[in-house]
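Every chain is numbered from 1, with letters handed out A, B, ... down the list of sequences. Since the model is a prediction, treat every value here as computed from it, not as a measurement. Just so you know, these numbers use all the heavy atoms, side chains as well, and skip hydrogens, waters and symmetry mates.
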Amino acid sequence: MHSLRTHTCGELRREHIGHPVRLSGWLHRKRDHGNLLFLDVRDHYGITQCVLDGSSPLFKTAEALRLESVITVAGKVVPRAPGAVNPRLATGEVELPVDALSVQSSAEPLPLQVNSDAEFPEETRLRYRFLDLRREKLHGNIVLRSRVIASIRRRMIEAGFIEFQTPILTSSSPEGARDYLVPSRVHPGKFYALPQAPQQFKQLLMTAGFDRYFQIAPCFRDEDGRADRSPGEFYQLDFEMSFVTQEDVFAAIEPVLHGVFEEFAGGAAVTPAPFPRIPFAEAMAKYGTDKPDLRNPLLIADVTDVFRDSSFAPFATAIAAGAVVRAVPAPDASGQPRSFFDKLGQWAREQGAPGLGYVVLADGGAKGPIAKFVDADRLARLGAATGGREGDALFFVCDRQPAAEKLAGRVRARLGEDLGLVERNAFRFCWVTDFPMYELNEDTKRIEFSHNPFSMPQGGLDALERSDPLTIKAYQYDIVCNGVELSSGAIRNHRPDIMYKAFAIAGYSRDEVEARFGGMLNAFKYGAPPHGGSAPGIDRIVMLLAGETNIREVIAFPMNQQAQDVLMQAPGPVPPERLKELHIKLDLPSVDSGRES
RNA sequence: GGGCUCGUGGUGCAGCCUGGUUAGCACACUGGACUGUCAAUCCAGAGGUCGCGGGUUCAAAUCCCGUCGAGCCCGCCA
């Protein structure tokens, strides 16, 4: 008989009755009746109830075991009495009387309880991650992650993609987030950068003729964390295809995402392919965000013209000065108490708005604080623009367009939530397309790339030469699920001439472009295929499928919000001789902040 | 860099607004009782400088100021 186990703790059934078996696992729970002791032994696969009575010489040892100690038990499987069967346990029809017991590893009293789903502080959970990972939920999330990644990999390979690895020690990318830098010992004063994404490598692989690339790619960005954004590092399903249009990219990845979500969504509805395509400008207008949550049925309407020259002075004057008015409908809100409207107005002020105008459509007319400024004609036009019907309320946001869109988007999200309109048990995908190529930096008044500088401008060189840069769109798209941005992607700019021009508009000279992306630019001078791709975030996909709202719940060893690994104590100091070897002298900020290590 | 919230035995919470008994409850821990439980039950016990520093007060977990830490958000995230 194997010295550690003949079966796993999730394996024993009626058919094993009478078999001599040996199990190893963690002591999950103990029920001590004085002369009868139940031990629940747990491993990755399940839990098996083991039992001893007072006549056993092992009884005292077993009684004294602390939870989470690792033990090995042996005995002959017996059936449970009919009334003692536990239907909630896969192994619940049998139990194991313990004839032999050895302690492989005893546990100290626990800083967090493994056999409970009680909440523990984030710091404790991270410091004792190995304990947290034993707990059912997190353990399950990490298993789910593995299965999701395996499914993605299988589907990508079946779709004809080839998996690659690309360098982790590479060069600093010129745009975007801060890089993590790694000093070179051999080249004093020079640094590698960890890739923010394998962007240039995958484009080089396309130029090398591999046609369809993918990678479960680690990406490193020195940016602050959020609930849905792990600081430091994360994983993307990075893929790229040659000789494709935007529609070809969509058609390639939609079945993969749809398939993975169907496979793991547990019966929740998943948007069938093709996913809706929403141009960026429309997304901002109708949903007030570039990552619309399509589970929320509410649509924002432009009612600027309704309030233009109206007697409601705050709006009318703002409109004359260039503001717009956006309306968010609140279906059947007329029955809501006054406090509902007051609370929403208060919340809007907390968001930085002066307030939230509204009218309630009731008794064939309009009610509410600004209703008296809305005559019958304007009321009819409001109804027509918003689809608002008797019994609905309409909330108004008035500001310059970008701010109005953004706040209206928040109002839409909030109303959808508060009124219980957001679809449950569904994964609703869409593409947001036609992002602007450039945007104006309000602080510097300079034109900057609004997304990826390697995207192909719509209209090509011609557009760059003839159009107002702020009107040019790019073949740039995001995929969004339930209001979570899963990825952005693009048809790339594979033409050096167009690239020089595109960068020139953003203020980069030919020399700068060559200095910064010489490698890729040079490659494009020797025959580059038109190509494009995208890179959905693996962590976010798993987060959605696991029903979690925090990305740390699907990462085995995440960092905290300050980008520290409190389990491994990273980042940490290094001995002076290592710094010397790397030609590095520290120039630390003065200590008066009081912060150490 | 900024805003909000939180910080009370190992852990989760209560007490704080309205200052005044021995800081309370649950889980875990230690000891005891108990032969069919499956969150076992029952009894007892140990464990707290109320994050830290300063101030107000006869008196501070409680009020004030500062500071440190955590989470969430803004900035940032091609």
Looking at A/Lys60 and A/Glu63, is there a salt bridge between them, counting it only when a charged N and a carboxylate O are closer than 4.0 Å? yes
Roughly how many Å apart are B/U57 and B/G20, using the C1' atom of each and rounding to a whole number? 12 Å
Measure from CG on A/Asp228 to C1' on B/C73 and round the result to the nearest Å.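 After rounding, the gap between these two atoms is 11 Å.
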A/Tyr213: what forms a ring-ring contact (aromatic ring centres under 6.0 Å, His included) with it, not counting sequence neighbours?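 By the ring-ring contact (aromatic ring centres under 6.0 Å, His included) rule, A/Tyr213 matches A/Phe164.
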If we only count heavy atoms from C-beta on, is the A/Ile479 to A/Phe429 side-chain gap below 4.5 Å?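 Sidechains of A/Phe429 and A/Ile479: in contact.
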Is there side-chain contact between A/Val182 and A/Leu194, with at least one heavy-atom pair below 4.5 Å?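 Counting from C-beta outward, A/Val182 and A/Leu194 do come under 4.5 Å.
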Check: A/Arg31/A/Gln49 side-chain N/O donor and acceptor closer than 3.5 Å: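 Yes, because at least one side-chain N or O of A/Arg31 sits under 3.5 Å from a partner of the opposite role on A/Gln49.
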Indicate, with a heavy-atom threshold strictly under 4.0 Å, whether A/Ala81 touches base, sugar-phosphate, or nothing. nothing
May I have the distance from A/Lys30 (atom NZ) to B/U30 (atom C1'), rounded to whole angstrom? 11 Å
Between B/G75, B/G36, B/C76, which nucleotide gets closest to the side-chain atoms of A/His33?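 Looking only at side-chain atoms, A/His33 lies closest to B/G36.
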What nucleic acid atoms does A/Asn560 come within less than 4.0 Å of, heavy atoms only: base, sugar-phosphate, or nothing? sugar-phosphate
Suppose we define a pair by two distances each less than 3.5 Å, Watson-Crick or G-U wobble; what does B/G24 pair with here? B/C13
5'-most by nearest nucleotide on RNA chain B - A/Ser488 or A/Pro109: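 So the residue in question is A/Pro109.
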Taking only N and O in the side chain of A/Gln562, is any of them less than 4.0 Å away from OP1 or OP2 of B/G69? no
Between B/C63 and B/A46 - C1' atom distance, rounded Å: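 Between the two C1' atoms, the distance is 34 Å.
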Could A/Arg510 and A/Tyr500 be counted as a cation-pi pair, given that NZ or CZ must be under 6.0 Å from the ring centre and within 45° of the axis?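 Flagged: A/Arg510 positioned over aromatic ring of A/Tyr500.
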Write down the distance between CG (A/Asp224) and C1' (B/G3), rounded to a whole number of angstrom. 14 Å
A/Ala506 backbone acceptor or donor facing A/Arg446 side chain under 3.5 Å: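 The answer is no, because no donor-acceptor pair under 3.5 Å joins these two groups.
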Are the aromatic ring centres of A/Phe449 and A/Phe454 under 6.0 angstrom apart?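 Ring-ring flag for A/Phe449/A/Phe454: false, centres at least 6.0 Å apart.
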With rounding to the closest Å, how many angstrom separate the P atoms on B/C42 and B/C25?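 B/C42 and B/C25 have their P atoms separated by 15 Å.
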How would you list, by chain and number, every residue that makes a salt bridge (charged side-chain N to carboxylate O under 4.0 Å, His left out) with A/Glu485, sequence neighbours excluded?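 Listed in chain order: nothing, the list is empty.
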Strand partner of B/C38, provided both Watson-Crick or wobble distances fall under 3.5 Å: none
For the side chain of A/Arg31 and the base of B/C34, is some donor closer than 3.5 Å to an acceptor across the two? no
In this structure, which one of A/Asn115, A/Leu67, A/Asp40 forms a side-chain contact (heavy atoms from CB on, under 4.5 Å) with A/Lys30?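 The residue from A/Asn115, A/Leu67, A/Asp40 that satisfies side-chain contact (heavy atoms from CB on, under 4.5 Å) with A/Lys30 turns out to be A/Leu67.
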B/U5 to B/G48 separation - C1' atoms, rounded to the nearest Å: 24 Å
Respond yes when some side-chain nitrogen or oxygen of A/Gln196 is under 4.0 Å from OP1 or OP2 of B/C77, and no when none is. no
Atom CG of A/Leu112 to atom P of B/G12: distance rounded to whole Å?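 In whole Å, B/G12 P lies 10 Å from A/Leu112 CG.
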Nearest to the side chain of A/Gln113 - B/G10, B/G71, B/C72?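 Comparing B/G10, B/G71, B/C72 against the side chain of A/Gln113, the answer is B/G10.
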Centroid separation under 6.0 Å, is that true for the rings of A/Phe435 and A/Phe280? yes
Write down the distance separating the C1' atoms in B/C17 and B/C64, rounded off to the nearest Å.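 Result for the C1' pair: 15 Å, nearest Å.
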From C-beta outward on A/Arg226, which listed nucleotide comes closest to its side chain: B/C72, B/C77, B/C74?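 Among B/C72, B/C77, B/C74, the one nearest the side chain of A/Arg226 is B/C74.
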Hey, does A/Ala227 reach any base, or is it just sugar-phosphate, or nothing, if we go heavy atoms under 4.0 Å?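 It contacts sugar-phosphate atoms only.
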When only distance counts, do a donor and an acceptor, one from the side chain of A/Arg221 and one from the base of B/C77, lie under 3.5 Å apart? no
Once you apply a heavy-atom cut-off of 4.0 Å, does A/Arg125 come out as touching a base, just sugar-phosphate, or nothing?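 It contacts nothing in the nucleic acid.
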If pairing requires Watson-Crick or G-U wobble contacts with both distances under 3.5 Å, which nucleotide is the partner of B/G1?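 Answer to the pairing question: B/C74, which forms a Watson-Crick or G-U pair with B/G1.
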With a non-hydrogen cut-off below 4.0 angstrom, is A/Asn550 in contact with a base, only sugar-phosphate, or nothing?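 Touches sugar-phosphate only.
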OP1 or OP2 of B/G36 less than 4.0 angstrom from a side-chain nitrogen or oxygen of A/Asn86, does that happen here? no
How long is the line joining CG of A/Asp32 and C1' of B/G36, in whole Å? 13 Å
Using a heavy-atom cut-off of 4.0 Å across all strands, would you classify A/Gln561 as base, sugar-phosphate, or nothing? base
Whole-Å C1' distance, B/U49 and B/A70: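 Looking at atom C1' only, B/U49 and B/A70 are 22 Å apart.
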5' precedence on RNA chain B between A/Ala84 and A/Ala197 (nearest-nucleotide basis):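 Nearer the 5' end of the strand: A/Ala84.
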Would you classify A/Lys291 as touching base, sugar-phosphate or nothing, given that sugar-phosphate means primed atoms plus P, OP1 and OP2, and contacts are heavy atoms under 4.0 Å?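 The residue A/Lys291 makes no contact with any strand.
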What integer distance in Å separates A/Ile551:CD1 from B/G71:C1'? 16 Å
In whole angstrom, what separates A/Glu108's CD from B/U30's C1'?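 Roughly 15 Å, once rounded to whole Å.
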Sequence neighbours left out, what passes salt bridge (charged side-chain N to carboxylate O under 4.0 Å, His left out) with A/Arg129? Give chain and number order. A/Asp132
Go through B/G71, B/C77, B/C29 for me and flag the one nearest to the A/Ala177 side chain. B/C77
B/U56 to B/A61 separation - P atoms, rounded to the nearest Å: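 My reading of the P atoms in B/U56 and B/A61 gives 16 Å.
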What I want to find out is whether A/Glu108 reaches A/Arg66 closely enough, with some N-O distance under 4.0 Å, to be called a salt bridge. no
Any base atoms under 4.0 Å from A/Gln199, or only sugar-phosphate, or nothing? Heavy atoms, all strands.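 A/Gln199: base contact, heavy atoms under 4.0 Å.
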Atom CG of A/Asp539 and atom P of B/C77: how far apart are they, to the nearest Å?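 Atom-to-atom, A/Asp539 to B/C77, this comes out as 20 Å.
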Got a sec? Which of residues 61-80 of chain A come in under 4.0 Å of RNA chain B, heavy atoms?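 RNA chain B contact set from residues 61-80 of chain A: A/Arg66, A/Arg80.
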Sequence neighbours excluded - ring pair (Phe, Tyr, Trp, His ring centres under 6.0 Å) pairs with any residue from residues 470-499 of chain A: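 Every pair satisfying ring pair (Phe, Tyr, Trp, His ring centres under 6.0 Å) with a residue in residues 470-499 of chain A: A/Phe250-A/Tyr477, A/Trp431-A/Tyr477.
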Could you let me know what B/A44 is paired to, Watson-Crick or G-U wobble, both distances under 3.5 Å, or none if it's on its own? B/U30
Taking only side-chain nitrogens and oxygens of A/Arg552, does any of them come within less than 4.0 Å of OP1 or OP2 of B/C72? yes
Of the listed nucleotides (B/G71, B/G10, B/G36), which one gets closest to any side-chain atom of A/Glu95?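 Of all the options, the side chain of A/Glu95 is nearest to B/G36.
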Residues from residues 34-59 of chain A lying under 4.0 Å of RNA chain B - heavy atoms: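 Here the set is A/Gly34, A/Asn35, A/Leu36, A/Phe38, A/Gln49.
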In whole angstrom, give me the gap between the C1' atoms of B/C6 and B/C13.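 Approximately 13 Å lies between the C1' atom of B/C6 and that of B/C13.
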